[in-house]
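Numbering of residues begins at 1 and proceeds along the displayed sequence.
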Amino acid sequence: MIDSLMLVDDEDLFHLVFEDSCSLLDIALSLKSLKSSDEAAALFKKWHTDPQDRPECVFVDLNIIGSSFDGIELIRKINFEYGNHVVIGIISSSNEPEEQAKAVQAGAQFWIIKSDDIEPRLEEFKKDYEGYRKRTNPFKIYRS
């Protein structure tokens with residue numbers, strides 16, 4: 001089980017779908033949902049010096065409308081500017097190999113193809129989670 005999880009996504013409906021799926025699959029003890037990469041970056045900047053309440057795992061949408069930067073840039077900031085060492089990946093409806101390559105360069109550990117029926121992918125991710133935490137799993141794309 002994941003102690004704490006964060007979702008950064010601009011879609012209200014997907015927040016509900018994701019939260020319900022995580023609850024049904026007993027994935028996380030706590031879940032924080034944010035709508036902006038700016039808000040997430042500010043929190044990680046704070047957590048760089050005071051890691052209390054920092055999530056263990058972060059799911060980031062690729063395109064976050066209303067934010068200063070996209071999900072790949074947020075992952076890059078979290079990994080290389082703030083050095084927060086969390087399990088982190090993209091959750092997006094996009095399946096573009098070019099974007100996936102950029103995500104890997106930014107330090108993403110996984111890519112989950114977003115849909116209304118996200119449970120099977122989250123269940124598979126849950127089985128692989130320990131390997132991501134230990135940094136032994138290679139980058140993986142979760143599809144239907």
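Between the side chains of N137 and E130, no donor N or O sits under 3.5 Å from an acceptor N or O. There is a side-chain donor-acceptor pair under 3.5 Å between S33 and E19.
Between the CG atom in L24 and the CG atom in D20 there is a gap of 6.5 Å [rounded to 0.5 Å]. Atom CG of D70 is separated from atom CZ of R76 by 10.5 Å, given to the nearest 0.5 angstrom. In this structure, OG on S115 lies 13.0 Å from CZ on R143, to the nearest 0.5 angstrom. Rounding to the nearest 0.5 angstrom, the gap separating the SG atom in C22 from the CG atom in L29 is 11.5 Å.
Contact annotation: the side chain of E124 approaches that of D128 to within less than 4.5 Å [non-hydrogen atoms, C-beta and beyond]. The shortest side-chain heavy-atom distance between Y129 and I27 does not fall under the 4.5 Å cut-off.
The main-chain N or O of I64 is never found under 3.5 Å from a side-chain atom of D61 such that the two would form a donor-acceptor pair. Looking at S21, its side chain does come within 3.5 Å of a backbone N or O of V17 through a donor-acceptor pair. Using a distance-only test at 3.5 Å, with no hydrogens or angles considered, no donor-acceptor pair links the side chain of Q109 to the main chain of F139. When atom types are taken as modelled, the side chain of D38 and the backbone of S68 share a donor-acceptor pair closer than 3.5 angstrom.
Following chains of ILVMFWY side-chain contacts shorter than 4.5 Å, one cannot reach Y132 starting from I72, and the two form parts of different hydrophobic clusters. The hydrophobic cluster containing F14 also contains I112, counting ILVMFWY residues as joined when their side-chain heavy atoms lie under 4.5 angstrom apart, directly or transitively. Residues Y142 and L62 do not share a hydrophobic cluster, defined by chaining ILVMFWY side chains whose heavy atoms lie under 4.5 Å apart. Tracing side-chain contacts under 4.5 Å through hydrophobic residues (I, L, V, M, F, W, Y), one reaches I113 starting from V60; they form part of the same cluster. Under a hydrophobic-cluster definition in which Ile, Leu, Val, Met, Phe, Trp and Tyr are linked whenever side-chain heavy atoms come within less than 4.5 Å, directly or via other members, W111 and V104 are assigned to the same cluster.
More than 12 non-hydrogen atoms from other residues, nucleotides or ligands lie less than 6.0 angstrom from NZ of K140. By the 6.0 Å contact criterion, NZ on K35 is open, its count of non-hydrogen atoms from other residues, nucleotides or ligands being 12 or less.
Of all heavy-atom pairs spanning A103 and I90, the tightest one is CB-CG1, 4.1 Å. When all heavy atoms of H15 and L34 are compared, the pair lying nearest together is CE1-O, 3.2 Å. Heavy-atom minimum distance, G107 versus I75: C-CG2, 4.0 Å. G89 and A108 get closest at one heavy-atom pair: CA-CB, 4.3 Å. V86 and R135 get closest at one heavy-atom pair: O-NH2, 3.2 Å.
A salt bridge does not link K45 to E81: none of the charged nitrogens lies less than 4.0 Å from a carboxylate oxygen. A salt bridge does not link K126 with E123: every distance from a Lys NZ or Arg NE/NH1/NH2 to an Asp or Glu carboxylate oxygen is 4.0 Å or more. Taking the charged nitrogens against the carboxylate oxygens, K102 and E99 do have a contact shorter than 4.0 Å, which makes a salt bridge.
Residue pairs meeting the ring pair (Phe, Tyr, Trp, His ring centres under 6.0 Å) criterion with at least one partner in residues 29-76, sequence neighbours excluded, are F18-F59, F44-W47, F59-F110, F59-F125.
Qualifying salt bridge (Lys or Arg N to Asp or Glu O under 4.0 Å) partners for R121, counting only residues two or more places apart in sequence or in other chains: none.
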I'd like a table of donor-acceptor pairs (distance under 3.5 Å, sequence neighbours excluded) in which one partner is a side-chain atom from residues 1-10, with atom names and distances.
residue: S4; atom: OG; partner: E56; partner atom: N; Å: 3.1
residue: D9; atom: OD1; partner: E11; partner atom: N; Å: 2.7
residue: D9; atom: OD2; partner: K114; partner atom: NZ; Å: 2.6
residue: D10; atom: OD2; partner: I65; partner atom: N; Å: 3.1

